[in-house]
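Each remark here refers to the structure printed beneath this line.
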Amino acid sequence: MKTPLLTNEVLDKAVGARVFIKPENLQHSGSFKLRGALNRALQLSPQQRQGGIVAWSSGNHGLAISYVAKKLGIKATVLMPQEAPKTKIDGVRKNGATVRLYDKTKEVREEIGAQIASDTGAVIVPPYDDPFVIAGQATLGAEIAEQVRDIGEDLDLALFPCSGGGLVSGAACGIHSLVPRTEVYSVEPAGFDGMALSLAAGAATRAPAPGASICDALLVPIPGQLTFPICRKHLAAGLSVTDEDVRAAILFAYSELKLVVEPGGAVALAALLAGKVKVAGKRVAILLSGGNVDADKFANIISGQN
């Protein structure tokens, strides 16, 4: 589904820039992940469709896979960590997929997925390190660039949330296919900023990943093998934000934009509001990448509770 491009006078004034907001939290399944999941599923042969799909996800990829599988009449199994948000677990089940919860301290999701695929003939669809998934996310970047051009402007900068890098690598390619000069930045939670560290080092580098973050969707500490070379070519740099920056962004989105955004989906807005990159006088696109957040967690954030 093509999502709209929004502007907001309060945000423009706050950061001194012309900001274009892409609300993929309004997408089918509640996040941008639908694009990559759909493109990957459409590549399956009739025989592969019979075997179904197995995927692993902290939530949004699983929601997208289960939604697409339901629409295409394909069986799907989604491996999810036990601590994944309840709204995401429930949503995957509601779409008709089988949820296999696992303990991250004792089990390896890739090993479980490989065994299921071996036993059932299912095709593994990873969340980011897949060329068809990346290509699906490229539609997002191209769509943003086209929508900005439709109003007679071009982009100077674009900020995208980042975990393993499937989104930002694809979106950067999509934007650069139309506006090569646009500077594209990844945004990650502090401590889980493997892409930022890797871009600075010029080689894949693991982030320290200390403790936890409220951004449950963005906790991959190192870029993917396929995504990093693309990002190294197309990204200007990587940025990181704190949990407090993210909470402020979620509150801003709720109070000023009237949008519900999950923590991982708010990091690009958080980076913008926290001044992580110079944008004064420029035309900037930011992605609100998802809105699948537990009601109690969202209520605590907008009420100022941790």
- Task: Begin from the C-alpha positions of Q82 and K104 and carry the test side-chain hydrogen bond (donor to acceptor under 3.5 Å, both in side chains) through to its verdict.
- Result: CA-CA 8 Å; Q82 294 172 343; K104 290 196 297 185; over 6 Å; no

- Run the salt-bridge test on E146 and R149 with the 4.0 Å N-O cut-off and return the result as yes or no. no

- Can you sort out the partners of R232 under salt bridge (Lys or Arg N to Asp or Glu O under 4.0 Å), two or more places apart, ordered by chain and number? none

- Query: Which pairs pass salt bridge (Lys or Arg N to Asp or Glu O under 4.0 Å) with one or both residues in residues 117-136, sequence neighbours excluded?
  - Reply: R40-D130

- Query: Are the charged groups of D154 and R181 less than 4.0 angstrom apart, N to O?
  - Reply: no

- So, are E143 and K2 salt-bridged, with charged N and O less than 4.0 Å apart? no

- Salt-bridge present (D216, K297; N to O < 4.0 Å): yes

- Task: Keeping the roles fixed (side chain from T227, backbone from G164), state whether a donor-acceptor pair exists under 3.5 Å.
- Result: yes

- Would you check if there is a donor-acceptor pair between the side chains of E262 and N60 at a distance under 3.5 Å? yes

- Item | Residue pair D245 / T242, side-chain donor-acceptor N/O under 3.5 Å | yes

- Query: Taking atom types as modelled, is there a side-chain donor on Q27 or T3 under 3.5 Å from an acceptor on the other?
  - Reply: no

- Using distance alone, with no hydrogens and no angle criterion, decide if Q50 and K75 have a side-chain donor and acceptor under 3.5 Å apart. no

- Task: Compute whether any side-chain donor of one residue and acceptor of the other, for S31 and N292, lie under 3.5 angstrom apart.
- Result: no

- Query: Once the angle between the rings of F298 and Y254 is folded into 0 to 90°, is it parallel (under 30°), tilted (30 to 60°) or perpendicular (over 60°)?
  - Reply: perpendicular

